[in-house]
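Working notes for the structure below.
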Amino acid sequence: ETGVTQTPRHLVMGMTNKKSLKCEQHLGHNAMYWYKQSAKKPLELMFVYSLEERVENNSVPSRFSPECPNSSHLFLHLHTLQPEDSALYLCASSQDWKSGNTIYFGEGSWLTVV
Amino acid sequence: ILNVEQSPQSLHVQEGDSTNFTCSFPSSNFYALHWYRWETAKSPEALFVMTLNGDEKKKGRISATLNTKEGYSYLYIKGSQPEDSATYLCAFNTGRRALTFGSGTRLQVQP
């Protein structure tokens, strides 16, 4: 059983669609993250939330819109995406976002934009 | 922009071989260095968190060393097994922002 669960695991969407990725952590952590893994690139940090407040936003296009309603849940709302946005999106959590605590990852959501 | 580099990019070894890979990171503003193992179709899993210069951590056949003054860490696997096949990621932390990951070393162990 994983402490961080992501749904859906696979998503295919058209460029005009609106969809959302969901993440839930059962570890009692204060920080949650969205990472993007594209082919042959390092894991790219997209957003960090600490106690429901967004604390990092790494120049991510506005077609990706995060939402953190509470410290256990994190969403990534997707709209008017491009084919190059196809990637693995990983959610993660940790006790604190700055102090080097271990990060616990979900299994990821594979997104294909057609 | 923090530069975290890992080498080699990929590695193929035979079962029983010992192997090692490198993670290079900025030597200034060091706070912590993480190693993660990422098996196919699974989530990345933490191996070590290292904070002190000269630190050495061990977990079974896997160990890691840290040199913060020169900005590198080595990960060693003794007597590689097929189940060690995975991508090994290192990540650097300054204590002021979230982790920065390297591109990883993809290890394939042939039976």
Side-chain angles (χ1 to χ4, degrees), chain A residues 1-7 9-10 23-27 29-50 53-60 66 74 87-110, chain B residues 1-10 21-26 28-53 55 57 59 64 66 68 73 86-106:
Chain A
E1 183 189 335
T2 177
V4 180
T5 54
Q6 290 186 238
T7 54
R9 294 294 313 280
H10 295 86
C23 176
E24 184 175 359
Q25 59 101 355
H26 313 275
L27 300 168
H29 288 161
N30 294 323
M32 294 190 77
Y33 310 76
W34 280 115
Y35 281 91
K36 177 183 178 183
Q37 172 76 77
S38 304
K40 297 184 180 180
K41 283 189 174 182
L43 270 176
E44 296 175 62
L45 179 67
M46 298 177 74
F47 302 105
V48 183
Y49 276 81
S50 176
E53 180 185 344
R54 192 189 310 179
V55 292
E56 277 201 39
N57 174 355
N58 282 1
S59 304
V60 179
L74 185 65
L88 176 67
Y89 290 85
L90 283 167
C91 175
S93 72
S94 67
Q95 190 56 47
D96 179 82
W97 72 284
K98 284 193 290 183
S99 59
N101 296 129
T102 298
I103 289 185
Y104 294 84
F105 287 90
E107 292 182 316
S109 294
W110 282 101
Chain B
I1 297 175
L2 297 171
N3 214 17
V4 180
E5 295 183 0
Q6 292 189 246
S7 61
Q9 198 170 14
S10 64
F21 359 108
T22 306
C23 172
S24 301
F25 52 86
S28 58
N29 298 316
F30 177 86
Y31 192 86
L33 193 283
H34 295 221
W35 282 100
Y36 290 80
R37 174 170 58 200
W38 193 358
E39 295 178 65
T40 303
K42 294 187 178 180
S43 52
E45 181 185 48
L47 287 172
F48 307 114
V49 179
M50 308 175 79
T51 56
L52 298 174
N53 185 42
D55 215 359
K57 301 264 186 177
K59 190 174 183 177
L66 179 67
T68 60
S73 175
T87 296
Y88 291 83
L89 298 169
C90 72
F92 173 73
N93 179 244
T94 62
R96 295 176 188 172
R97 54 165 303 181
L99 289 177
T100 300
F101 281 84
S103 301
T105 293
R106 187 171 179 176

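Quick note on labels: first sequence line is chain A, next is B, and so on, each numbered from 1.
When all heavy atoms of W38(B) and L88(A) are compared, the pair lying nearest together is CZ2-CD2, 3.5 Å. Between V49(B) and G100(A) the shortest heavy-atom distance is CG1-O, 3.7 Å. Heavy atoms only, all atoms of each residue included: G102(B) and P42(A) are closest at O-CB, 3.7 Å. Contact detail for A98(B) and E56(A): the closest heavy-atom pair is N-OE2, 2.9 Å.
Of the two parts of N58(A), only the side chain, counted from C-beta on, holds a non-hydrogen atom closer than 4.5 Å to a non-hydrogen atom of chain B. Using a 4.5 Å cut-off between heavy atoms, F92(B) makes no contact with chain A at all. Looking at L33(B), neither its backbone nor its side chain comes within 4.5 Å of chain A, counting heavy atoms on both sides. Only the side chain of Q37(A) comes within less than 4.5 Å of a heavy atom of chain B; its backbone N, CA, C and O stay farther away. Contacts between Y104(A) and chain B at a heavy-atom distance below 4.5 Å are absent for every atom of the residue. Only the backbone of A41(B) comes within contact range of chain A, with at least one heavy atom under 4.5 Å from a heavy atom of that chain.
A 6.0 Å sphere centred on CD of Q9(B) holds no more than 12 heavy atoms belonging to other residues, nucleotides or ligands.
Y31(B) contributes no side-chain N or O that, together with a main-chain N or O of K98(A), makes up a donor-acceptor pair within less than 3.5 Å.
Distance check, rounded to the nearest 0.5 Å: CD1 of I103(A) to CG of L99(B) gives 4.0 Å. Separation of atoms CD (E45(B)) and OG1 (T102(A)) is listed at 11.0 Å; rounding is to 0.5 Å.
Checked options V48(A), V55(A), L45(A); the residue passing with R97(B) is L45(A) (criterion: side chain to side chain contact (heavy atoms under 4.5 Å, CB included)).
The candidate with the highest count of non-hydrogen atom pairs below 4.5 Å against chain A, out of G95(B), A32(B), P44(B), is P44(B).
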